Amino acid sequence: MQDSIVIRGAREHNLKNISLSLPRDKVIVITGLSGSGKSTLAFDTLYAEGQRRYVESLSSYARQFLGLMNKPDVDAIEGLSPAISIEQKTTSKNPRSTVGTVTEIYDYLRLLFARVGTPYCPVHGIPIQKKTPAAIADQLVVDYPDSDLVILAPLIRQKKGTYEKLVAELNKEGYRRVRIDGEIRRTDEPASLERYKKHDIEIVIDRVSTSDRSRISEAVEAALAKGDGLIIVLVGTEEKIYSSKMSCPECDITFEELQPRMFSFNSPFGACESCSGLGYREEIDPALVIPDRSLSIAEGALRPYRNTIDGWRIRQIATVAREGGFDLMTPLKDLTEAQLSLILYGSEKKLTFTYTSKSHDATMQYKGYFEGVIPQLERLYGQTQSEYRRREIEQYMRFTPCPSCGGRRLKDKILSVRIQGKNIIDVTDLSIKDAKHFFETLSLDDTQMRIAHQVIKEIMSRLTFLDDVGLSYLTLSRSAGTLSGGEAQRIRLATQIGSNLMGVLYILDEPSIGLHQRNNYLLIRTLYHLRDIGNTLVVVEHDEETIRSADYVVDMGPGAGIHGGHVVSQGTPAEIEADPASLTGRYLSGELSIPVPKKRRKPSGHIVIRGAREHNLKNIDVSIPLGVLAVVTGVSGSGKSTLVYDILYRQMMRRLYNSKEAPGDHDAIVVPDEVDKVIMIDQSPIGKTPRSNPATYIKVFDDIRALFAMTTESKVRGYKQGRFSFNVRGGRCEACQGDGLIKIEMNFLPDVYVPCEECKGKRFNKETLEVTYKGKNIAAVLDMTVEEALSFFENILSIRRKLQMLYDVGLGYIKLGQPSTTLSGGEAQRIKLTKELAKRATGNTIYLLDEPTTGLHFHDVKKLLDVLDRLVRKGNSVIIIEHNLDVIKTADHLIDLGPEGGTDGGGIVAEGTPEDVAACTTSYTGEFLRRVLPHD
C-alpha cells in the first residue's frame, strides 16, 4: 500500500501548479495566511478529487442524484483514500435538527425508551397493564350495552404503497371487507391507492351486537391475532383502540406496543399535534402590537393601525371604545384589562358601526361583531397570498412555547414513558455532563440490562467524546442552528468517532474554533485517536498548539490571493520553525510576535448589566467598559455568548432600533446616553449565491456603477446606473441572465457549467461593455483585485475610501467580483468589518465581534488588531468574545466567565486588565495568559 498521498500540478483557484507529498496515517496541518490557498488545497483539491472518484465508481443511475462533481484542476493525485470533510459550514439550520439527532444519540435514546421504558398513565401516573382478549370483550359489553359494533384489525398504519396485492390476498383468505383510509370497501373490488401517500388499512373482522358475548369474544381474539395485539372498535362514528398488550386499569387509556418511531418528534406517531413536533408556535404578541402603552390609540399606540387613523378600521375601534367606556385619546396604560381585551381580542356582542365615505359624502351603518386586532391579524396572515403583507404581520409575531406540549415536542402519552423517573425529553434537556452521570448511575434489572447494554454503550461513547472536546455544557435538545462553527464541527467529529472507520482521509477546517486552550489537548488527543486506528487527517488550522502537535506541517504562502498559492515550507513542526522562509515558522520561533501594548487605555464610561441570569448565568452584575477594547473570555459554555449576544446585543437592539427579539433574562441595563449605535459582526457568510461579491456587499459597486453612468458615452446613450447591474434586465447578458455561466443538463451525468458564448463569461451585453472609464469596461473592473482597483480609482474619493479599508484588513488580493461562495470564513468576516469601517463613525458605536480571529494566521491577527485599534481610537467601543491569546493579551479590559461550562459556569471568575486576570489563580484564562505576558 502506498505510504503517501502525492499531489502533482495543483492549479485550482490561486494554487501555482504545486506538487507535494503528504504522509498517510498521520495528522497533517496545513497553515498559512488567510487566502494563501490552504482551503483550496485541502477541500477544493484533495477532498473534491476523493469525492469525485467515489461518485465515479457508482452507476450512472445513482450519479444523477448526487449533483455536480467537477474534477479539480490538478494533473494527478496518487494514494488517495475515500474522503470525508468536516467543515464549519455544514450546520443544519433545520429547526428539527438538534445536538441529539446530529450525533445520533437521540436515535439510540428512542430505541432505549421503546425497549426498556415503562409507560405510565398520563392521568393517574400508574404503570400501564396488559389486557387479555376476554377482558377486552367484557369491557365492550359493559361500555356499549345493546350496541352494534364493528371490530377491525389494523394491518397498515401510515405507510406508503398501493397495497393492491394485500387486498386481493385478504379476499382469498375469506375477508369480505376492509377499511381503507376511513372508508369501508369490498375486497373483491380493485383497490387503487396513491403510491406515495401514507395509508391506513384495517380488516373488518365482524359486525356484532354486544348482546352476543361469545361472538364478540371470537371477533376480538381474531382481530388481536390479525392486528398484532391491536384492535379498533367502531360504535357509530366513535372509534376506540384496544390493546392486549398495554392499557391503564383505571381509565382504560390504551398504549400500543412501544416503537422507536413513537419517540420521534419528526413522526406523526410521536409529534405533538399542535406544533407538529417543533415545540413552539409563532403567534401574535400583544407587546409587539402595543409596544408603548403610554400612548393613546389616536397617537398610534396600535402599531398595525398607525397609518389608518382616518380609515374604516380606526372608526371600528372608535365604536368599540365607546362601547367599552373610553375614547381614542385615552392612554392605553389607563385602560382596565377588560377594556384592553376588548380591543385586542374583540367582543361577542353585536355593535352598530358607522362609516362616512369622503368620496360619496354618504353615511353607512351596519351591525356586526368586532373580531379584535389580534384575531384579525391572525386571519389575514392565514388568508393573504402577498409575501409583503405576511412580512408586515410577522413584525408582530413572536415564537412562543407550544401551549399543548409546553415546548417538549411529543404527545402526552409518549412523555409518560419513563426510565428511572425521566422521560426522553427530560434526558435530552440534561447537559452532556449530566446525561453522562444519568447513564453511569442507571439502575436496570438483569433482563432490561441485557436488552439495553449495547444501546447504552453507544450512547456513552458519544457522550464521553462530546465531554472530552469541551462540549459538556451543551444539552442534547439544543437546536443545531444555534451552534457555532467550531461546536458543530466537533459534534460531527463525535459521529465519526462512533463510526470507527479505518483507511479514511478526514479533512477538517479549524476544529479548534470556539475552544478554550484548556480543552485543546483533548481535541488533539481525539485527532490522534482517529490517526491511530488507521486514518489520515488533514487539518486546516492556525492554532499554535495544534500546529506544534502535528506529525507534518505544510505552510502555504508567501502572501495571499495572487501572491500566495505556493508551498513555502513543509516538514515536521521543528523543521518549519527552523525555516527562515516560513512566516509561520518565524512566529513559532518567536522571531516575529504580536506585541503587548505598553499602556492599557482607560474607559470613558461603562455599560452596567444587573442580575443577568439567562441560561447558565448566575444572576451576575457586569460592568463593561466603553471607549476601550474589551474581551469576554472563559471556557466553552461559560456564558460568554449569552451575556454579549442574548442580553447586551438584544437589549441594545430593542432600545435603539425597536427590535422585536426579546433579550435574555436580566434585571436592568444602564447605558450612557451618548451610545447611539450597536453593530454585531458575526461568523455568518456575506452571501449565499455567486451573484453576491465583495464589491456589492460593501456597496462600492454602487459608486462604480454611478461613475460609469456619468461617463460621456453613457450620457449620449441615455444609460443610467441600473444599466451596469448584472441583476436586472437592460445591461446584463440575457443569455446567461448576468451569471456569466450557462448550465448544461446532462441527464444521468453531472450537469456541466460552461462560459456563456454570448458574453464570454463577462456577464454584460456588448453595448454595456462598450462604455469604458479610463479604458476599462465594467467587467474588467470587476475582474480587478482590490490592490489594482485602489490604484485605478485613486482620484475617486468615495471608491478609494472603501477599497482602502479592504486593503487595510489584508484583503488586497481578492477580486472585486469574486463570488462570495468562494470566500473563506476569515475573508467574509473581514469584509463585514470593512463595511462597518467604511460608514461614517459617530464615535459612540459599540462593535460586538464573535471570534473575529476565525480563519486568521498570526500575521492576519496582527492586521485585525490594528483595524480594531483604529475603531477604538475614534472613540468607539469594541467588545469581543475570543479564545485567541494574542487578542486577549492586547485587550484593555478582560471579563473572564466560568469557572467551568454549563451549570458549573455563568459566574465572573476575574475581571480587569490582562495582568489582573493573569494574577488570578482560579482563572483558566489567567493560567494560559501567564505564559504569553512579559515577566518583569
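Just so you know, these numbers use all the heavy atoms, side chains as well, and skip hydrogens, waters and symmetry mates. Since the structure is predicted, the reported quantities are computational estimates derived from the model, not experimental observations.
- Between the side chains of Asp579 and Ser569, at least one donor N or O sits under 3.5 Å from an acceptor N or O.
- Note that OG1 of Thr834 and NZ of Lys832 are 12.0 Å apart. Values are rounded to the nearest 0.5 Å.
- Relative orientation of the His857 and His542 rings is perpendicular, given thresholds of 30° and 60° on the angle between their planes.
- A donor-acceptor pair under 3.5 Å is absent between the side-chain atoms of Arg586 and the main chain of Glu591, judged by distance alone.
- In this structure, NZ on Lys774 lies 14.0 Å from OG1 on Thr711, to the nearest 0.5 angstrom.
- Put simply, the side chain of Leu626 reaches to within 4.5 Å of the side chain of Ser604, judged on heavy atoms.
- For Glu758, the CD atom is loosely surrounded, since the number of other residues' heavy atoms within 6.0 Å does not exceed 12.
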Take Arg717 and Glu770 through the salt bridge (charged side-chain N to carboxylate O under 4.0 Å, His left out) test and state the conclusion after the steps.
-> CA-CA 11 Å; Arg717 297 184 180 206; Glu770 284 171 355; 2.6 Å; yes

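- Under a 3.5 Å cut-off, the side chain of Lys16 and the backbone N or O of Gly564 do form a donor-acceptor pair.
- Two residues are said to be in side-chain contact when any heavy atoms from C-beta on lie closer than 4.5 Å; Thr584 and Val553 fail this criterion.
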Verdict with supporting geometry, Val678 and Tyr657, side chain to side chain contact (heavy atoms under 4.5 Å, CB included) = CA-CA 9 Å; Val678 62; Tyr657 308 109; 3.9 Å; yes

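- In this structure a side-chain-to-backbone donor-acceptor pair under 3.5 Å is present from Thr890 to Asp886.
- Judged purely by atom type and a 3.5 angstrom limit, Thr785 uses its side chain to pair as donor or acceptor with the backbone of Glu788.
- Using modelled atom types, one side-chain atom of Thr854 and one backbone atom of Glu851 make a donor-acceptor pair closer than 3.5 Å.
- No side-chain donor-acceptor contact under 3.5 Å links Ser725 to the backbone of Gly722.
- Contact check for Leu41 versus Val540: no side-chain heavy atoms found under the 4.5 Å cut-off.
- Asp555 and Ser582 form a side-chain donor-acceptor contact under 3.5 Å, judged by distance and modelled atom types alone.
- A donor-acceptor contact closer than 3.5 angstrom links the side chains of Arg723 and Thr768.
- Within the model, atoms CZ of Arg763 and CG of Asn727 stand 8.0 Å from one another, a figure rounded to the nearest 0.5 Å.
- Proximity of the aromatic rings of Tyr719 and Phe708 is defined here by a centroid distance below 6.0 angstrom, and this criterion is not met.
- Listed for the Asn876 side chain is a donor-acceptor partner under 3.5 Å among the backbone atoms of Thr845.
- A donor-acceptor pair is defined here as one N or O able to donate and one able to accept, closer than 3.5 Å; such a pair exists between the side chain of Lys760 and the backbone of Glu757.
- Taken to the nearest 0.5 Å, the CD1 atom of Ile679 stands 11.0 Å off from the CE atom of Met652.
- Here the options are Lys863, Arg870, Lys802, Arg801, the test is salt bridge (Lys or Arg N to Asp or Glu O under 4.0 Å), and the partner is Asp808; only Arg870 passes.
- Shown here is Tyr388, whose OH atom has no more than 12 heavy atoms of other residues, nucleotides or ligands within 6.0 Å.
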So Leu811 and Tyr813, side chain to side chain contact (heavy atoms under 4.5 Å, CB included) or not? Walk me through it.
-> CA-CA 5 Å; Leu811 293 177; Tyr813 60 89; 3.7 Å; yes

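- Residues Phe724 and Ile704 have side chains not in contact (no heavy-atom distance under 4.5 Å, counting atoms from C-beta outward).
- Taking CD1 of Ile698 as the start and CG of Leu803 as the end, the distance is 6.0 Å to the nearest 0.5 Å.
- A 6.0 Å sphere centred on OH of Tyr697 holds more than 12 heavy atoms belonging to other residues, nucleotides or ligands.
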Check against side chain to side chain contact (heavy atoms under 4.5 Å, CB included), Glu49 and Ile7 | CA-CA 11 Å; Glu49 180 63 8; Ile7 303 166; over 6 Å; no

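- Contact of the Ile547 side chain with the Ile576 side chain is not registered, since no non-hydrogen atoms from C-beta on lie closer than 4.5 Å.
- The CG atom of Leu848 sits 10.0 Å away from the CD1 atom of Ile880 when rounded to the nearest 0.5 Å.
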Glu544 and Phe858: CA distance, side-chain angles, deciding distance, side chain to side chain contact (heavy atoms under 4.5 Å, CB included) verdict = CA-CA 9 Å; Glu544 183 177 341; Phe858 308 109; 4.1 Å; yes

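- Remark: the backbone N or O of Glu541 is paired with a side-chain donor or acceptor of Thr31 at under 3.5 angstrom.
- In this structure, Tyr649 and Tyr645 have parallel ring planes: the angle between them is below the 30° cut-off, well short of the 60° mark.
- No option in Lys776, Lys815, Lys762 other than Lys815 meets the salt bridge (Lys or Arg N to Asp or Glu O under 4.0 Å) test with Asp783.
- The backbone N or O of Phe793 sits nowhere less than 3.5 Å from a side-chain atom of Arg800 that would complete a donor-acceptor pair.
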